[in-house]
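Residue numbers start from 1 in every chain, and the chains themselves are labelled A, B, ... in the order their sequence lines are given, proteins ahead of strands.
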Number of protein chains: 2
Amino acid sequence: MPVTIADVAREAGVSKTTVSRVINTKGEVDVGTATRVREVIASLGYVPSSGAVGLARGSSRTVGMLTPPLTWPWMGAVLQGVVDTVEAAGYGLLLFTCNRGAESVEHFTSQVSARAFDGLLVIEPENTLGTITAMHRKGLPVVLIDDRGHHPEFPSVATTNREGAASAARHLLAAGRSRPLIITGRRHFGCVADRLKGFLEVLPTELIAEGDFTELSGRLAVERQLATGRHFDSVFAHNDLSAAGALRALRSAGRSVPDDIAVVGFDDIPMAEHTEPPLTTVRQPMREMGERAAGMLLAHLGGEAAPDEPVVLPTELIVRRSAPMP
Amino acid sequence: MPVTIADVAREAGVSKTTVSRVINTKGEVDVGTATRVREVIASLGYVPSSGAVGLARGSSRTVGMLTPPLTWPWMGAVLQGVVDTVEAAGYGLLLFTCNRGAESVEHFTSQVSARAFDGLLVIEPENTLGTITAMHRKGLPVVLIDDRGHHPEFPSVATTNREGAASAARHLLAAGRSRPLIITGRRHFGCVADRLKGFLEVLPTELIAEGDFTELSGRLAVERQLATGRHFDSVFAHNDLSAAGALRALRSAGRSVPDDIAVVGFDDIPMAEHTEPPLTTVRQPMREMGERAAGMLLAHLGGEAAPDEPVVLPTELIVRRSAPMP
DNA sequence: CTGAAAGCGCTTACAG
DNA sequence: CTGAAAGCGCTTACAG
């Protein structure tokens with residue numbers, strides 16, 4: 001039903017080969033012929049079938065991306081960075097999410113989807129790393145975004161978790177805070193260990209509550225700490241969501257931020273500007289991470305060797321009112 | 001290099017036809033043969049090439065999605081709804097963004113990408129509607145998400161903008177507010193006209209400021225209104241971002257929310273829970289919209305007739321402290 | 001229950 | 001500068 005290259009060829013009175021050549025501007029073609037072919041293409045509204053092109057060329061000019069839930073507050077930025085980069089290179093982006101746990105990963109792997117893309121971008125695969133590694137070993141180019149501490153055998157891009165946390169600690173220290181409460185993410189994440197280490201090296205404390213990156217866990221951590229009656233003068237939360245929870249708990253308890261207690265988060269999600277007071281936080285360049293990861297994958301597909309060291313992008317301390325400049 | 005159906009056939013001592021049959025569980029196959037083939041598939045790690053399958057079958061089992069910037073606060077929810085639905089049906093999702101304006105739409109259209117998908121999901125195409133309509137007329141199934149007032153010739157899913165705004169007005173009225181300031185989005189959006197109308201029918205006012213859905217525009221609208229000295233006792237913002245701006249401006253000016261001025265937003269983005277005070281808002285079921293739109297497209301691809309009326313999902317008033325129950 | 005062969009819509013040496 | 005033909009990896013009537 002749709003118009004094919006054969007239709008164009010017939011209409012223009014040339015061979016399919018010639019049509020293909022003008023489309024891909026490959027090899028010499030008579031200027032007159034080329035114009036005529038182009039006119040026919042336009043008038044017929046011809047668009048090459050990507051399936052056929054991919055089959056013939058042996059590549060799909062598409063990259064896949066496997067993501068955690070898209071409702072995570074920083075996913076939009078990463079995704080935007082990836083899409084921009086991929087699109088600018090004339091590639092397509094095939095999106096997968098592993099919401100439904102291991103089952104959906106199986107699905108993902110064995111689906112026709114495999115080989116629908118030339119390379120794969122992965123964010124925080126959790127229980128997926130084994131599968132991904134297997135695919136990588138079979139020859140699928142893979143780049144990991146925001147490695148959380150599993151050091152995979154493929155390239156990855158990360159941020160300076162340790163140094164970022166250290167900068168938060170230095171900031172609090174400079175503001176005269178000496179008894180911080182740390183609200184971590186799940187301990188098995190590599191980034192959590194790094195942030196903990198970076199912070200503690202600068203500003204040691206034994207007030208450490210394990211959270212899970214949710215607003216609720218931040219709120220609970222502060223409530224429990226207040227209940228113990230043990231003094232603290234600041235909070236360092238491992239992400240902005242739990243920092244927002246901490247802010248809320250402090251306000252409910254009648255503590256003033258930052259006068260009584262300063263609060264620093266991590267991520268700089270859009271919400272961080274809008275909490276009360278606005279949140280001082282360690283910014284992760286999520287969009288840039290998406291761009292870099294996509295760029296690395298594309299370069300690899302283009303034949304460049306993959307870097308064997310993880311690419312590490314710098315964090316930046318964003319100072320707002322929850323922990324102002326001293 | 002990768003293993004093909006021919007490799008499997010050879011290894012299992014059968015024809016490609018038979019392999020294809022066991023993969024697609026089509027036609028009768030001897031149980032023994034089937035098991036053997038499956039073993040070979042597993043041991044070789046064979047995965048069909050989606051390009052070849054699509055070419056042979058004439059469909060790609062992939063849907064495309066054209067989106068505005070992914071950093072918009074409610075995009076994650078829509079996208080998640082779409083991905084879940086599409087994945088559950090065994091389809092892939094190809095993501096496109098029209099960041100770079102008309103040029104990127106051209107690109108999008110004429111790219112190999114066209115025909116890489118069987119159907120297209122579109123959010124708020126702005127200047128793209130013409131192109132999309134043309135593609136639709138050529139036979140591409142299209143579903144529009146969150147129609148903003150261009151009533152296209154293809155199916156769409158929307159929310160009850162008018163009734164949602166009316167519910168906000170009734171809520172303010174019940175709380176004894178009679179002088180609202182309305183902060184709209186761009187006037188040429190259909191949803192803006194609907195929200196304006198729905199609100200004004202219940203609670204007329206001549207205090208109307210045109211905004212553009214940004215935090216800044218909400219802040220400025222309130223600042224200007226305060227500068228005029230004209231009294232107002234509430235704000236109805238056409239989205240949560242500008243409502244957040246309004247909250248900030250009111251706080252800076254020393255006005256108490258909700259005591260002096262009640263504020264109601266629209267959308268219920270994740271941030272709405274975390275403003276100070278938390279925002280009363282008209283919730284749009286973004287995730288459900290994504291699910292429904294994807295479901296409609298899939299059903300259409302499956303042969304069902306497209307509904308000729310837009311599907312309209314109900315909004316819901318979420319009451320928080322910025323405009324509490326009377 | 002199974003296979004040989006044609007065909008899906010392209011690209012790419014190979015000839016000319 | 002141009003074309004005929006083979007081939008990419010599948011599926012699908014058609015025969016048996």
If you look only at distance, which donor and acceptor atoms sit under 3.5 Å apart when one is on a side chain in residues 299-311 of chain B and the other is two or more places apart or in another chain?
from: B:H300; atom 1: ND1; to: B:E304; atom 2: O; distance (Å): 3.1

**Asked** Going by atom types alone, do A:T18 and A:S15 pair a side-chain donor with an acceptor below 3.5 Å?
**Response** yes
**Asked** Do the side-chain N and O atoms of B:T159 and B:Q284 include a donor-acceptor pair separated by under 3.5 angstrom?
**Response** yes
**Asked** Would you say a side-chain N or O of B:S49 is under 4.0 Å from OP1 or OP2 of D:dC8?
**Response** no
**Request:** Output yes when at least one side-chain N/O atom of B:T18 is less than 4.0 Å from OP1 or OP2 of C:dT2, else no.
**Result:** no
**Asked** Where do A:L79 and A:L93 come nearest, in terms of heavy atoms and distance?
**Response** CD1-CD2, 4.5 Å
**Message:** If you compare all heavy atoms of B:Y91 against all heavy atoms of B:V63, which two are closest, and at what distance to 0.1 Å?
**Reply:** CD2-CG1, 3.9 Å
**Message:** Counting only side-chain heavy atoms from C-beta out, which of C:dA4, D:dC10, D:dG3 sits nearest to B:S15?
**Reply:** C:dA4
**Request:** Select one nucleotide: of C:dT2, C:dG3, D:dT2, the one nearest the side-chain heavy atoms of A:V29.
**Result:** D:dT2
**Request:** To the nearest Å, give me how far apart CG (A:L55) and C1' (D:dC8) are.
**Result:** 4 Å
**Message:** A side-chain contact here means heavy atoms from C-beta on lying under 4.5 Å apart; do B:L95 and B:L70 qualify?
**Reply:** yes
**Item:** Identified pairing partner of D:dA4, criterion: Watson-Crick or G-U wobble below 3.5 Å
**Value:** none
**Message:** Generate the contact string for nucleotides 11-16 of chain D. Rules: B means base contact, S means sugar-phosphate contact only, - means no protein heavy atom under 4.0 Å.
**Reply:** SBB---
